[in-house]
Structures are given as structure tokens and as C-alpha cells.
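Structure, as C-alpha cells:
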Amino acid sequence: QVQLVESGGGLVQSGGSLRLSCAASGRSLRNYFMAWLRQAPGAEREFVAAIDWSGGRTYYTGSIKGRFTISRDNAKNTVSLQMNSLKPEDTAVYYCAVVRDPNYSGPSYPLYLYDHWGQGTQVTVSS
């Protein structure tokens, strides 16, 4: 069983930055994709970014391209999301999730197919 614990959320002003981290434990995540998803109040959970095992393949949703950067450290079993130029519309609970699927498709991948989820961390961007 994989446990995922997110950290780094908080309150930040518009234009500011935050760095989210997700620490995984319980088993090796070799060949797993690691992803960040978010859920704003009253909205459905949505894909934000993902990265493959090697770090050579990344996926981003359109609204955050050029502002957010996903990275992973396999030695530490962590995935991070550097968020710059934050906007009020980025306010949400951010979740870390992992999946091992050679057919992973990033933004179009069904949420119910992710293998494991973290509890989430709140990000609030004030205007």
C-alpha cells in the first residue's frame, strides 16, 4: 500500500509563489506516474500536472503552463510542484496521486483510475 502526504500549501497573494511537495512511502514507485490534481470549491477535481518515472515526460493542463513546474526525486520518493505567478483561480485543494499504467494519458486520464491519493493540501491565493 502506498501512502502519500502532501505539504507546502498555504495562503499567498496573487503573483506569489508556493512549492508543494508530496512524500510517498510504502513501496517503490518505479514506473509510476506521479501527478498533481486540484479541486476548487464547488468544482470537480481536475488534472494539473504529471511526470513519469524518468522525469523526461511531463504533462500540464493549459491554464498553468509556464507558471507551474513539476519535478520528482526518485531517491526520496517525492514529487514537487513549483507554482509561480499564482492567481486567485488557482485556489483549491491540491492532491497528489500516483498510477502505474503504460497507457497513461495525462490530462485525459480518468481520475478513478489513479491507484493512490493523498489527503490534499489547501492553496489559497488572495487578490
Side-chain angles (χ1 to χ4, degrees):
Q1 187 72 6
V2 175
Q3 292 82 42
L4 302 172
V5 178
E6 301 96 337
S7 61
L11 173 63
V12 64
Q13 289 187 335
S14 182
S17 299
L18 281 175
R19 185 177 180 84
L20 304 183
S21 293
C22 173
S25 61
R27 64 165 296 162
S28 169
L29 293 183
R30 186 174 184 82
N31 294 328
Y32 276 75
F33 289 85
M34 300 186 80
W36 288 96
L37 302 99
R38 67 186 180 185
Q39 187 165 17
E44 294 186 353
R45 196 168 297 187
E46 64 174 1
F47 174 87
V48 176
I51 189 168
D52 72 346
W53 165 256
S54 71
R57 195 189 321 173
T58 57
Y59 306 80
Y60 295 97
T61 192
S63 63
I64 58 90
K65 281 183 179 178
R67 299 190 296 124
F68 292 9
T69 303
I70 190 170
S71 61
R72 71 188 286 172
D73 184 335
N74 291 330
K76 297 181 179 179
N77 249 8
T78 59
V79 61
S80 297
L81 187 67
Q82 178 66 43
M83 305 187 295
N84 299 327
S85 302
L86 282 161
K87 305 175 181 180
E89 51 263 45
D90 294 317
T91 295
V93 177
Y94 283 71
Y95 297 91
C96 173
V98 299
V99 63
R100 183 174 180 176
D101 184 345
N103 296 315
Y104 182 72
S105 55
S108 62
Y109 195 74
L111 300 188
Y112 71 88
L113 289 179
Y114 282 91
D115 293 329
H116 304 284
W117 292 82
Q119 293 300 305
T121 185
Q122 176 70 46
V123 171
T124 303
V125 184
S126 62
S127 57

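Quick caveat, the model's predicted, so the values are computed rather than measured.
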Can you tell me how far apart CD1 (Ile51) and CE (Met34) are? Round to the nearest 0.5 Å. 9.0 Å

Is a donor from one side chain sitting under 3.5 angstrom from an acceptor on the other, for Thr78 and Asp73? no

Point-to-point distance, once rounded to the nearest 0.5 Å, from CG of Leu4 to CG of Asn77: 9.5 Å

How long is the span from the CG atom in Leu86 to the OG atom in Ser126, to the nearest 0.5 Å? 10.0 Å

Output the distance between atom OG (Ser21) and atom CZ (Arg72), rounded to the nearest 0.5 Å. 13.5 Å

Residue pair Asp52 / Tyr32, side-chain heavy-atom distance below 4.5 Å: no

Evaluate the criterion side-chain contact (heavy atoms from CB on, under 4.5 Å) for residue pair Ser71 and Gln82; output intermediate values, then yes/no. CA-CA 8 Å; Ser71 61; Gln82 178 66 43; over 6 Å; no

Would the distance check show the side chain of Tyr60 and the main-chain N or O of Ile70 forming a donor-acceptor pair, the cut-off being under 3.5 Å? yes

May I ask you to decide if the ring planes of Tyr59 and Phe47 are parallel, tilted or perpendicular, using 30° and 60° as cut-offs? perpendicular

Should Asn74 and Leu29 count as side-chain neighbours, where that means a heavy-atom distance under 4.5 Å? no

So, for Leu37 and Ala97, which heavy atoms are closest and what is the spacing to 0.1 Å? CD1-CB, 3.7 Å

Does any part of the side chain of Val123, heavy atoms only, come nearer than 4.5 Å to the side chain of Leu20, both counted from C-beta? yes

When clusters are formed by joining ILVMFWY residues with side-chain heavy atoms under 4.5 Å apart, either directly or through shared neighbours, do Met83 and Val12 land in the same one? yes

Could you see if Val2 belongs to whatever hydrophobic cluster contains Tyr94? Use Ile, Leu, Val, Met, Phe, Trp, Tyr and a side-chain cutoff under 4.5 Å. yes

Tyr109 meets the ring pair (Phe, Tyr, Trp, His ring centres under 6.0 Å) criterion, sequence neighbours left out, with Tyr104, Tyr114

Between Asp90 and Arg38, is the closest basic N to carboxylate O distance under 4.0 Å? yes

Check whether Thr91 reaches the backbone of Val125 with its side chain - one donor and one acceptor, N or O, closer than 3.5 Å. yes

Same cluster or not: Leu111 versus Tyr95, using hydrophobic residues (I, L, V, M, F, W, Y) connected whenever any side-chain heavy atoms lie under 4.5 Å apart? yes

Less than 4.5 Å apart, any side-chain heavy atom of Lys87 and any of Arg67? yes

To the nearest 0.5 Å, what is the distance between CH2 on Trp117 and CD on Glu6? 10.0 Å

Heavy-atom check, side chain of Leu81 versus side chain of Thr69, under 4.5 Å: no

Between Ser17 and Asn84, which heavy-atom pair has the shortest distance, and what is it? OG-OD1, 3.0 Å

Side-chain contact test, heavy atoms from C-beta onward, threshold under 4.5 Å: evaluate it for Cys96 versus Gln119 and give yes or no. no

For residues Trp36 and Cys22, determine if any side-chain heavy atom of one lies less than 4.5 Å from a side-chain heavy atom of the other. yes

Counting neighbours of CD on Gln122 that are heavy atoms of other residues, nucleotides or ligands and sit closer than 6.0 Å, is the number greater than 12? yes

Same cluster or not: are Phe33 and Val48 linked, directly or through other Ile, Leu, Val, Met, Phe, Trp or Tyr residues, by side-chain heavy atoms under 4.5 angstrom apart? no

For Arg100, which residues count as a side-chain hydrogen bond (donor to acceptor under 3.5 Å, both in side chains) partner, sequence neighbours excluded? none

